[in-house]
2 protein chains.
Amino acid sequence: MKGKPSQRDIARAAGISQATVSIVLNGRADEYGIATATREKVREAMRQLGYVPDVAGRSLRGGRNGLIGVHTYERVFPVRADDYYHEFLAGIEEKAVEMGQDLVLFASTQREDGTRSIYGSGTNRLRLADGAIILGLERRDEELSRLAAEGFPFVFIGRRDVPGAQVPYVAADYATAIAGVVDELSSYGHARVGYLGGVLRRGPQEERREAFGQFAGRARLRGPEALLAPEAVTGGWLRELLDAGTTALVVESFELAGAVAVAAAEEGVRIPGDLSVACLDLPPVTGPTAGWSHVAVPRREMGARAVELLLGLLDGRIPADRHEVVTCAPLTPGTVGPPS
Amino acid sequence: MKGKPSQRDIARAAGISQATVSIVLNGRADEYGIATATREKVREAMRQLGYVPDVAGRSLRGGRNGLIGVHTYERVFPVRADDYYHEFLAGIEEKAVEMGQDLVLFASTQREDGTRSIYGSGTNRLRLADGAIILGLERRDEELSRLAAEGFPFVFIGRRDVPGAQVPYVAADYATAIAGVVDELSSYGHARVGYLGGVLRRGPQEERREAFGQFAGRARLRGPEALLAPEAVTGGWLRELLDAGTTALVVESFELAGAVAVAAAEEGVRIPGDLSVACLDLPPVTGPTAGWSHVAVPRREMGARAVELLLGLLDGRIPADRHEVVTCAPLTPGTVGPPS
DNA sequence: ATGAAAGCGCTAACAA
DNA sequence: TTGTTAGCGCTTTCAT
């Protein structure tokens with residue numbers, strides 16, 4: 001018994017047929033009415049030989065292998081301390097533990113230029129797992145629709161409405177969260193509320209900006225919209241903003257919020273005394289923007305929901321076109337107050 | 001053709017045998033002298049049907065499945081920002097990418113109480129990968145020796161000399177690094193160098209303390225040794241230390257270094273003016289101890305080496321009792337200088 | 001209550 | 001130059 005012991009080895013050791021071994025191992029012993037003595041013999045031999053089901057054999061046969069794939073379009077463990085994936089993965093891991101599933105991180109799909117692609121490396125390694133959770137900011141609609149067309153079970157984290165394909169996804173309810181922010185600012189009496197967004201227009205950002213425009217319009221709030229890189233957020237820019245009568249600012253990312261903090265310090269602008277600031281992103285625990293008001297995207301919970309959704313798909317309990325929207329926590333207190 | 005097309009489907013479409021398809025796909029067409037026309041027919045049918053090789057079938061046949069297991073005794077993605085595993089995993093991922101291997105994170109091995117155990121859940125799920133890398137501060141020698149006895153290929157990260165078993169591991173060369181620290185302090189002219197360690201005595205810490213004792217003795221440095229919890233490091237303690245003539249301090253962990261920073265601020269002790277401090281651990285990028293002199297444990301490189309070592313074991317290129325010691329980077333400049 | 005056998009997709013040894 | 005066949009580990013159907 002040098003390599004991995006197979007069911008055949010167990011069968012031989014227990015003096016029994018391989019089929020019976022399979023039945024006992026899969027907990028269908030009752031269903032098939034296997035004698036208790038036989039079950040014991042099987043379990044004993046199994047323990048003795050250190051048997052573990054072979055993933056390949058099982059998934060080849062069409063069964064499940066307890067592997068949940070996790071595909072990211074970038075490195076999971078980044079070089080710099082960029083924790084974009086971290087919270088999602090924490091949620092995924094947590095739920096995987098609960099459900100007794102293991103996680104497969106697809107590192108083999110990375111190409112020369114550092115990007116990752118599902119089909120780029122020729123073979124779709126994702127199929128090794130029962131299903132997969134896909135995360136990433138990149139738009140790769142063709143890959144997703146191809147995956148869907150092949151009938152491979154997967155869940156995307158982040159909103160993805162791929163035309164002509166049913167892509168199950170878990171998304172944060174930005175719209176409601178942003179409506180809440182607008183409401184709160186409005187009820188404080190702010191009339192001119194600015195929006196500061198990044199120049200890099202990726203899916204989620206676009207969604208936030210649009211939601212803000214919509215709800216601000218509905219609440220009759222008028223304010224400037226600026227799409228800037230962090231280094232373009234200067235003291236002068238901030239002064240101009242205030243001079244124009246803006247009393248509150250909604251900031252898309254905490255990168256930008258950091259720039260605002262610096263600019264405010266330069267100009268002696270007090271926050272929230274002179275300017276209320278609400279951030280639409282999670283703050284770093286430390287730094288100048290620590291404690292600022294923000295809308296918490298529930299990344300952890302989204303990760304966990306993705307696992308649940310995927311397992312639902314696998315069990316056929318959930319239809320393949322289902323998506324879930326996870327509610328964001330309300331705006332935290334800190335840097336939002338009445339205008340001066 | 002709803003499901004994924006197999007080689008059989010291609011063979012039928014191209015009117016040839018399945019074996020020929022396999023040969024063409026694996027690039028052995030030259031070797032077997034397949035006619036150019038046949039190759040074209042295969043490629044054409046492949047493109048047309050959108051063929052993707054099935055990993056399960058392939059690994060079933062070949063024995064290897066391109067999966068490297070990663071077992072940790074704690075969560076990989078921690079709730080608080082404790083990045084103990086992060087750097088190791090960054091190295092592992094990097095090398096896995098290079099080697100075209102995927103990673104399996106074993107979440108299913110976690111039990112009710114939150115601890116993880118290889119055999120705790122009844123069967124050894126690790127076997128589902130080709131081999132595994134095991135990390136964690138806990139001592140679970142029985143598990144490791146059982147794993148070794150079963151002939152399962154694995155590599156431990158961290159020094160582990162398990163009695164009666166050959167455990168391949170990748171460790172940091174603390175001894176040499178600490179000798180370097182002692183040398184440097186000695187050459188600056190320090191005569192009394194203290195050692196501050198934690199009360200929690202785990203493997204690596206013990207090793208550091210012993211190495212320091214050994215090299216300090218050899219260099220005829222005399223200094224107090226204290227094993228304290230961070231909250232026991234007070235201003236009074238620090239003052240006493242200085243009054244006794246100590247001019248330099250080697251600190252085991254950055255938790256303790258943080259406590260020293262606070263105590264020094266309290267007492268108006270300048271670092272390194274009044275006291276040189278060398279830390280034997282990686283610093284957090286931010287905080288009062290940022291920029292302090294430290295010995296960098298090459299976690300990233302250790303992770304990468306572990307992957308190489310494991311793949312070497314799998315290929316039989318490396319014997320199963322091999323271990324590797326990775327050199328630490330030398331003490332960084334910052335808080336070490338001549339005594340006042 | 002248990003065994004025998006087929007077949008999932010793939011590769012390699014052997015046949016033609 | 002190409003085809004035939006066996007078998008990797010597993011589950012399931014059918015037969016005993």
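Here is the naming used below: chain letters follow the sequence lines, and residue numbers restart at 1 for every chain.
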Quick check: do A/L147 and A/Y119 have side-chain heavy atoms less than 4.5 Å from each other? yes

Within this structure, what is the CD-to-C1' distance between B/E31 and C/dA13, rounded to whole angstrom? 13 Å

Between B/D130 (side chain) and B/G66 (backbone), is there a donor-acceptor pair under 3.5 Å? yes

Separation of C/dA1 atom P from A/R28 atom CZ, nearest Å, is 18 Å

C/dT2 phosphate, OP1 or OP2: any side-chain N/O from A/T20 under 4.0 angstrom? no

Within the sub-3.5 Å range, which N or O atoms of nucleotides 4-6 of chain C have a protein N or O partner, and how far apart are they?
none

When we call it a touch if two heavy atoms are under 4.0 Å apart, what does A/S6 touch: a base, just sugar-phosphate, or nothing? sugar-phosphate

Figure out the CG/P separation between B/D54 and C/dC8, and round it to whole Å. 12 Å

Any donor-acceptor pair under 3.5 Å linking the side-chain atoms of A/Q18 with those of A/R8? no

So what does A/S59 hit on the nucleic acid, given a heavy-atom distance under 4.0 Å: a base, only sugar-phosphate, or nothing? nothing

First encountered from the 5' end of DNA chain D, between A/N26 and B/I16: B/I16

Please tell me if the side chains of B/R322 and B/I318 come closer than 4.5 Å, counting only heavy atoms from C-beta onward. yes

Distance check needed: C/dC10 C1' versus A/L60 CG, whole Å only. 8 Å

With rounding to the nearest 0.5 angstrom, report the CZ to CG distance, A/R300 to A/L89. 10.5 Å

Close side-chain approach of A/L25 and A/Y51, heavy atoms under 4.5 Å: yes

For the residue pair A/I134 and A/I118, establish whether any side-chain heavy-atom pair is separated by less than 4.5 Å. yes

When we call it a touch if two heavy atoms are under 4.0 Å apart, what does A/R39 touch: a base, just sugar-phosphate, or nothing? nothing

4.5 Å side-chain heavy-atom contact, B/L128 and A/L67: yes

Go through it in stages, so that I can follow the logic: the residues are B/F77 and A/F77, the test is ring pair (Phe, Tyr, Trp, His ring centres under 6.0 Å), and I'd like the CA-CA distance, side-chain angles, deciding distance and then a yes or no. CA-CA 10 Å; B/F77 302 102; A/F77 301 101; 5.6 Å; yes

With a 4.5 Å cut-off on side-chain heavy atoms, are B/I133 and B/F88 touching? no

For the pair B/F106 and B/H71, name the ring-plane relationship: parallel under 30°, tilted 30 to 60°, perpendicular over 60°. tilted

All N/O pairs under 3.5 Å across the protein-nucleotides 14-16 of chain C interface:
none

Heavy atoms under 4.0 Å, any strand shown: does B/I23 hit a base, just sugar-phosphate, or nothing? nothing

From the 5' end of DNA chain D to its 3' end, which nucleotides mark the outer limits of contact with chain A, defined by a 4.0 Å heavy-atom distance cut-off (strictly under)? D/dC8 to D/dT13

Just the rounded figure in Å: distance from P of C/dA1 to CG of A/D30. 11 Å

